[in-house]
Amino acid sequence: MKAIGFTQHLPIQDARSLEDLTLSKPTPTGHDLLVNVLAVSVNPVDTGTRGAGHAQLAQPKVLGWDAVGTVNAVGQDVTRFRVGDRVFYAGSYKRSGSDAEYQLVDERIVGHAPKNLNDAQAAAMPLTSLTAWEALFEKLHISLNATAENRHHTILIINGSGGVGSMATQLAHLAGLQVLATASRPESQKWVQDHGADHVLNHRKPLPPQLKAAGFKNVDYILNLSHLDEHWSEIATMIRPDGWVAAITENRHGINLQKLTKKRATFVWEWMFSKSWYGYELDSQGAILDQVAALLDKGTLQCTLTKTLQPLNATNLRQAHALVESGHMIGKIVVAGPWA
């Protein structure tokens, strides 16, 4: 089968940083689906994994944690899918990724792809949807259906125009919260407003004065999606007593939780790969993706795809990595088939 991977951790400008490969087609067992991958998205986890390290790898590493495709074969324990089903998923950090013509993925972390989205649109959604959903509804314990109660509560989403932020803003708005989101450029500020933000703050400037200017003394929830080290002191200032703070794993230094002591605030991590890494609550991710697919098909949630490259090859995947690494992406980028 065709695949794209690397054996050296190199800058994305180097043609060897991601190369076209020919690998053996895997065979599904147990709960595995063998998926014929039709489109993939690139996330910061891809660029971070590719760029981290200096060792020469003995075997090529295939990245990719967002895909849409069709089920080509199933393991003996599979019950939720059949050959020919169209699926979407983010996969497991422990396994070979979706930048391959065929990929093995556990059926329990897979969703039925949205019927009203094309392959590129569907491939843009799994990782960011799972991360935002788990952060809001599992880690911050916000109820999606308590819209009347949630109207009295506020959330600040730091980096609202990125992939996860674009989904978190929509989901928080859907849950009825008053949503404040940060964005620094006119086009990204418009993006977050279009996706449900009631107020937009600029994360390139001090946030607490902007929060006050928007009419808020503090906020009930904060979801930090970028530069936790940089924003930690501001977060501790802006969260209300007994408030909740969640962050994805982007800190480089230890954070001082004592800044939350007097407020009795709660801090939690969200890492979308935790369930597949430790093998618990796997079914919940398939269920979340099915709910997201239904909301996308109804038009309740908007697809966050902003750029598509074709065909699926190393040249286009390198370009996608470079765009994500630039830090200026709004929404999501996808590389779609056919495989070349």
Of the non-hydrogen atoms in Ala113 and Ala293, which two are nearest, and what is the gap between them? C-CB, 4.4 Å

Qualifying salt bridge (charged side-chain N to carboxylate O under 4.0 Å, His left out) pairs, either residue in residues 110-127, two or more places apart: Arg86-Asp119

Please find out if less than 6.0 Å separates the ring center of Trp232 from that of Phe267. yes

Assigning hydrophobic clusters by single linkage (Ile, Leu, Val, Met, Phe, Trp, Tyr; side-chain heavy-atom cutoff under 4.5 Å), is Phe216 placed with Met238? yes

Side chain to side chain, Trp244 and Ile239, heavy atoms closer than 4.5 Å: no

Heavy-atom pair of closest approach, residues Val105 and Val35: CG1-CG2, 3.8 Å

Do Leu34 and Lys25 make a side-chain contact, defined as non-hydrogen atoms from C-beta onward lying under 4.5 Å apart? yes

Counting neighbours of NZ on Lys298 that are heavy atoms of other residues, nucleotides or ligands and sit closer than 6.0 Å, is the number greater than 12? no

Just checking Gln258: does its CD atom have more than 12 heavy atoms from other residues, nucleotides or ligands closer to it than 6.0 angstrom? no

Arg80 backbone acceptor or donor facing Glu107 side chain under 3.5 Å: yes

Separation between CD1 of Ile109 and CD1 of Ile288, rounded to the nearest 0.5 Å: 11.5 Å

Please work out which of the three classes, parallel, tilted or perpendicular, describes the rings of Tyr280 and Tyr278, given edges at 30° and 60°. tilted

Count the heavy atoms belonging to other residues, nucleotides or ligands that lie under 6.0 Å from NZ of Lys139, then report whether that count exceeds 12. no

Answer yes or no: is there a donor N or O on one side and an acceptor on the other, between the side chain of Asn251 and the main chain of Leu228, under 3.5 Å? no

Which pair of non-hydrogen atoms, one from Val292 and one from Ser129, has the smallest distance, and what is that distance? CG1-OG, 3.6 Å

Look up atom NZ in Lys61 and atom NE2 in His9, then write down how far apart they are to the nearest 0.5 Å. 8.0 Å

Side-chain H-bond candidate by donor/acceptor type, Glu325 with His321, under 3.5 Å: no

Between Arg264, Lys262, Lys263, which is the residue that forms a salt bridge (Lys or Arg N to Asp or Glu O under 4.0 Å) with Asp242? Arg264

According to a hydrophobic-cluster definition based on side-chain heavy atoms being under 4.5 Å apart (Ile, Leu, Val, Met, Phe, Trp, Tyr only), do Leu21 and Leu312 belong together? no

Thr182 and side chain to side chain contact (heavy atoms under 4.5 Å, CB included): which single residue from Lys205, Gln189, Arg204, His203 fits? His203

Counting distance only, does the side-chain N/O of Gln310 pair as donor-acceptor with the main-chain N or O of Gly337 below 3.5 Å? yes

Could you tell me whether a side-chain N or O of Gln193 sits under 3.5 Å from a main-chain N or O of His199, the two making a donor and an acceptor? no

Answer whether the closest heavy-atom distance between the side chains of Val245 and Leu223 falls below 4.5 Å. no

Rounded at 0.5 Å granularity, tell me how far CG in Leu201 sits from CD1 in Ile158. 9.0 Å

Could you give the distance from OG (Ser276) to CG (Leu130), rounded to the nearest 0.5 Å? 9.5 Å

Quick check: closest heavy atoms across Gly165 and Thr169, and the distance to 0.1 Å? O-OG1, 2.7 Å

State, with a plain yes or no, whether a side-chain heavy atom of Asp106 is found less than 4.5 Å away from one of Leu282. yes

Flag the pair Phe273 / Trp277 as yes when their ring centroid distance falls below 6.0 Å, and as no otherwise. no

State whether the side chain of Asn72 and the backbone N or O of Asn36 hold a donor-acceptor pair below 3.5 Å, judged by distance alone. no

May I ask you to check whether Phe81 and His112 place their ring centres under 6.0 Å from each other? yes

Return the minimal non-hydrogen interatomic distance between Gly162 and Ser166, and the atom names on each side. O-OG, 2.6 Å

salt_bridge(Asp32, Arg95) N-O dist < 4.0 Å: yes

Check whether any side-chain heavy atom of Cys303 sits under 4.5 Å from a side-chain heavy atom of Met125, and report yes or no. yes

Distance in Å, Ser98 OG paired with Tyr89 OH, rounded so as to fall on 0.5 Å steps: 6.0 Å

Test of understanding: clusters of I, L, V, M, F, W, Y form through side-chain heavy atoms closer than 4.5 Å, transitively. Do Leu63 and Ile333 belong to the same one? yes

Step by step, work out the side-chain contact (heavy atoms from CB on, under 4.5 Å) result for Gln178 and Arg151. CA-CA 6 Å; Gln178 298 179 66; Arg151 290 190 184 98; 6.0 Å; no

Under 3.5 Å, is there a donor-acceptor pair between the His231 and Glu234 side chains? yes

State, yes or no, whether a side-chain contact exists between Ser96 and Leu104 at a heavy-atom distance under 4.5 Å. no

Under 4.5 Å between any side-chain heavy atoms of Tyr93 and Met272, yes or no? no

Please check: side-chain N/O of Gln103 versus main-chain N/O of Ala100, any donor-acceptor pairing under 3.5 Å? no

Please determine whether side-chain contact (heavy atoms from CB on, under 4.5 Å) holds for the pair Gln319 and Leu309, giving the CA-CA distance in whole Å, both sets of side-chain angles, and the decisive distance to 0.1 Å. CA-CA 9 Å; Gln319 183 181 344; Leu309 302 174; 3.8 Å; yes

Show the numbers, then the answer: is there a side-chain contact (heavy atoms from CB on, under 4.5 Å) between Arg50 and Leu18? CA-CA 9 Å; Arg50 193 208 77 251; Leu18 289 169; 4.1 Å; yes

Taking it one step at a time, do Arg240 and Asp220 satisfy salt bridge (charged side-chain N to carboxylate O under 4.0 Å, His left out)? CA-CA 6 Å; Arg240 71 159 169 85; Asp220 300 292; 2.4 Å; yes

Please answer whether the main-chain N or O of Asn43 pairs with a side-chain N or O of Asp46 as donor and acceptor at a distance below 3.5 Å. yes

Mind checking whether Val324 and Ile4 sit in one hydrophobic cluster, side chains of I, L, V, M, F, W, Y counted as touching below 4.5 Å? yes

side-chain contact (heavy atoms from CB on, under 4.5 Å) between Trp65 and Val40: does it pass, once the steps are laid out? CA-CA 8 Å; Trp65 292 284; Val40 300; over 6 Å; no

Heavy-atom closest pair (Asp290 atom, Gly111 atom, distance to 0.1 Å) is OD1-CA, 3.4 Å

I'd like to know if the side chain of Asn316 reaches the main chain of Asn313, judged simply by a donor and an acceptor atom lying under 3.5 Å from each other, with no hydrogens or angles considered. no

Any chance the side chains of Thr306 and Lys332 put a donor and an acceptor closer than 3.5 Å? no

Side chain of Ser274, backbone of Glu270: donor and acceptor closer than 3.5 Å? no

Validation row: Tyr221, Ile157 side chains within 4.5 angstrom (heavy atoms): no

State whether the number of non-hydrogen atoms from other residues, nucleotides or ligands found under 6.0 Å of Gln76 atom CD is greater than 12. yes

Indicate yes or no for a side-chain donor-acceptor contact from Arg318 to the backbone of Ala15 under 3.5 Å, with no hydrogens or angles considered. yes

Are Val334 and Trp191 linked, directly or through intermediate hydrophobic residues, by side-chain heavy-atom contacts shorter than 4.5 Å (ILVMFWY only)? no

From Ile155 atom CD1 to Leu140 atom CG, the distance as rounded to the nearest 0.5 Å: 5.5 Å

